[in-house]
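Take a look at the structure set out below.
Sequence positions, counted from 1, serve as the residue numbers for this chain.
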Amino acid sequence: MSITVPLSTATLQLLAALCQISLHSTDRSTAEVPYSEPNGATAAAKTVSNGQLSVGEKVGYGLGDTASNLYWKTFEFFLVYFYTDVFGLTAKSAGTLMLVTRIWDAINDPFVGYLSDRTRTTWGRFRPYLVWMALPFAITGTLTFFTPDLGPTGKLIYAYVTYTLVMMMYTAINIPYGALMGVITSSSIERTSVSTYRFIAAFCGGIVVQYCTLGMVRYFGGSETILVDGVEKEIVINEQMGFFWTMLVFSVAAVILFLITFATTTERVQPATDVKSTFRADLKFVLTNNLLHQLMLGGIAFLACLATAFSASTLIPILASYVTLNLLMLGVRKYAIHRFADSTEASTFESDFIDLLHNRPWMVLFGFGLLQLSGLFVRGGAILYYFKYYCGDAGLAPNFWVIGSFAAIAGMLLTKPLTRIFGKKALMIGLNAGVGILCGCFIFLKPDQVNAMLALQVAGSFIGGPIPVLLWAMYADTADYSEWRTHRRATGLVFAAATFSQKMGCAVGAAMTGFALDFYSYSQPIDGVDQLQSDTTLNGLCMMMSVIPAGFLLAAAACMLFYNISHSLEQQIEADLQARKATEPTVA
């Protein structure tokens with residue numbers, strides 16, 4: 001079964017032109033031949049030869065990340081601000097929320113990866129989720145930016161519920177979307193190319209959010225000009241409604257883009273063998289495996305400690321809860337062992353889980369993503385506060401964001417030639433170290449040195465442009481690495497765990513933004529009126545823009561030293577897997 005949605009010619013031409021600057025030889029190097037989908041239908045528009053993909057399919061795939069970034073960049077740059085200055089939460093409450101809601105992801109993310117790996121439809125394993133989850137994602141995303149007429153406790157509960165739900169929907173659509181890149185082609189080089197298209201499209205979505213959000217909030221919320229200390233200042237009359245309608249527009253656009261991605265992509269890489277999974281065997285593993293339980297309970301306890309900033313008054317209750325839950329799981333294990341005593345079936349989920357823990361390059365990328373995004377989200381969350389209070393003009397923030405995004409796109413176009421010269425590992429180390437150093441330079445800037453701020457932003461964004469492209473291409477390589485070693489493929493679980501790493505990094509970074517604002521005595525607006533910030537707060541905002549994120553980025557670069565998939569090993573893995581596919585039966 002196939003669905004055809006016409007792409008905008010202008011959109012195709014724009015993104016194709018951008019990507020062809022560095023990828024022209026890849027897309028035109030061989031003649032293309034029709035590809036037959038797993039169910040036997042011929043997709044004439046989706047052509048492939050030796051793993052090569054058409055420009056249309058690469059652009060179509062990339063538009064899915066345009067959709068995701070309409071949400072993600074809004075969360076990165078505006079959610080903490082919305083919670084503190086519009087919704088009405090304290091900075092500390094907002095930071096705690098970001099971490100506590102991640103506890104559910106420890107269960108939800110692996111489950112979605114498990115489910116998507118075992119999905120069987122005529123559309124494929126991962127593509128159907130783009131259709132099934134687009135509308136629920138839109139609804140929860142819009143409700144997250146709605147401010148209900150409730151008291152402080154009611155608002156806090158509402159924020160917890162809606163943010164948890166929107167992150168669940170993000171997981172349900174983005175894990176299959178990320179895993180889709182691992183199965184639309186078997187070529188590592190082509191996946192890097194697809195990843196380039198993806199992140200150029202993602203940055204386009206980010207630019208829309210960065211440039212348009214504050215203007216749309218003013219439009220939908222209404223604005224007026226007031227006189228503050230003799231200076232005319234434009235303020236938004238109703239920021240609450242402004243953010244709600246802005247997010248509704250973004251959500252509708254995202255639904256359309258997800259459907260375009262579904263209609264223009266094809267799943268080609270199938271497991272060499274189809275090992276049937278029984279729910280009974282998998283359930284036995286989940287209920288009886290002590291290592292799995294310790295990872296989950298330990299992770300929850302660590303999140304709880306972070307959420308309470310390792311407060312001495314909460315450490316004992318957290319420890320007591322950890323011990324209690326361990327005793328509870330001990331009882332569950334004993335019951336499950338007795339209940340499933342007659343079960344001798346092997347659990348494929350157990351095999352996937354063990355394979356993942358023994359996948360060294362994936363473990364390195366997990367740590368890298370956690371550190372890198374923690375730093376980026378601390379900085380991203382601080383930008384609006386920095387320009388609003390330190391520089392005295394929040395209107396500078398959109399220009400700062402947008403000029404950085406265009407510089408990142410320019411840098412992204414160099415991903416392929418730079419990868420050929422330096423290799424993925426060395427390139428990732430150098431790029432992250434460079435971005436960290438440039439980021440740290442902000443500590444020396446004064447409020448009136450706006451041009452220097454813009455120059456550093458351009459340089460840092462240009463250098464950092466290839467990083468997300470490389471990262472997700474490398475995640476796909478780790479899925480190949482696992483299949484090469486184990487003769488089993490669990491693309492969905494690999495990308496589920498990768499997405500969990502990304503979400504954890506973002507949660508830690510966003511939480512640290514809230515905690516840092518509280519630590520540096522940030523004064524929230526009172527009845528919509530901005531408060532004068534102390535020198536301590538202003539210095540803290542400088543730290544959040546410079547030293548703190550720089551430390552995370554340099555640590556991420558050091559983490560990448562342990563990555564062990566070289567360029568020669570990539571080629572060997574690709575050749576070996578192709579040889580296996582030629583001799584083993586393929587089951588759709």
Side-chain angles (χ1 to χ4, degrees), residues 14-15 17-19 21-22 69 72-73 76-78 196 199-215 372-373 375-388 390-419 422 427-471 509 541-554 556-557:
L14 174 61
L15 288 179
L18 285 170
C19 295
I21 293 175
S22 65
N69 260 24
W72 196 248
K73 289 301 179 181
E76 180 179 352
F77 296 121
F78 296 104
T196 303
F199 284 100
I200 287 176
F203 271 87
C204 288
I207 289 171
V208 170
V209 171
Q210 294 162 349
Y211 186 75
C212 298
T213 299
L214 293 180
Q372 192 225 20
L373 280 174
L376 292 181
F377 257 66
V378 168
R379 190 170 187 267
I383 288 173
L384 190 54
Y385 296 99
Y386 180 82
F387 283 106
K388 184 176 182 178
Y390 183 71
C391 297
D393 185 2
L396 294 171
N399 293 332
F400 184 82
W401 285 321
V402 170
I403 195 172
S405 292
F406 278 113
I409 291 174
M412 201 175 290
L413 296 174
L414 300 177
T415 302
K416 191 172 181 180
L418 289 176
T419 301
F422 299 104
L427 188 58
M428 283 288 267
I429 294 171
L431 294 177
N432 271 277
V435 174
I437 292 170
L438 290 172
C439 188
C441 290
F442 271 79
I443 193 65
F444 302 110
L445 299 182
K446 305 300 181 185
D448 59 347
Q449 293 181 292
V450 176
N451 289 336
M453 295 173 190
L454 295 176
L456 284 175
Q457 172 73 345
V458 169
S461 298
F462 179 79
I463 293 173
I467 292 174
V469 179
L470 289 170
L471 180 59
L541 292 175
C542 291
M543 293 289 289
M544 294 164 67
M545 279 289 289
S546 58
V547 175
I548 295 174
F552 277 105
L553 292 171
L554 292 174

key: From Leu427 atom CG to Thr419 atom OG1, the distance as rounded to the nearest 0.5 Å   = 5.5 Å
inquiry  = Between Phe77 and Gln210, is there a side-chain heavy-atom distance shorter than 4.5 Å?
reply    = yes
Trace of the side-chain contact (heavy atoms from CB on, under 4.5 Å) decision for Cys542 with Phe442 = CA-CA 7 Å; Cys542 291; Phe442 271 79; over 6 Å; no
note = Heavy-atom nearest pair, Leu553 first then Gln372, reads CD2-CG, 3.7 Å
Residue pair Pro468 / Gly464: nearest heavy atoms and the distance that separates them = CD-O, 3.6 Å
inquiry  = So which atom in Leu431 and which in Ile463 form the shortest heavy-atom distance, rounded to 0.1 Å?
reply    = CD2-O, 3.1 Å
query = Would you say Asn69 and Val209 make side-chain contact, with heavy atoms under 4.5 Å?
reply = no
ask   = Do Leu376 and Leu373 come within less than 4.5 Å of each other through their side chains, counting heavy atoms only?
value = yes
note = Looking only at heavy atoms, the pair that brings Met412 and Ile200 closest together is SD-N, 3.2 Å
task = Find the distance between CZ (Phe377) and CZ (Phe552) and round it off to the nearest 0.5 Å.
result = 13.0 Å
ask   = Are any non-hydrogen side-chain atoms of Ile409 and Ile207 less than 4.5 angstrom apart?
value = yes
query = Between Phe203, Phe78, Phe387, which is the residue that forms a ring pair (Phe, Tyr, Trp, His ring centres under 6.0 Å) with Trp401?
reply = Phe78
ask   = Hey, what do you get for CZ (Phe444) to OG (Ser546), rounding to the nearest 0.5 Å?
value = 8.5 Å
key: Spacing of CG belonging to Leu470 relative to OG1 belonging to Thr196, to within rounding of 0.5 Å   = 8.0 Å
request  = Specify the closest pair of heavy atoms between Gly509 and Val378, including all atoms of both residues, with the distance to one decimal.
outcome  = O-CG2, 3.5 Å
remark   = In terms of heavy-atom contacts, Pro466 and Gly411 come closest through CG-O, 3.4 Å
key: From Lys446 atom NZ to Cys391 atom SG, the distance as rounded to the nearest 0.5 Å   = 12.5 Å
query = In Å and rounded to the nearest 0.5 Å, what is the OG to CZ distance from Ser405 to Phe400?
reply = 10.5 Å
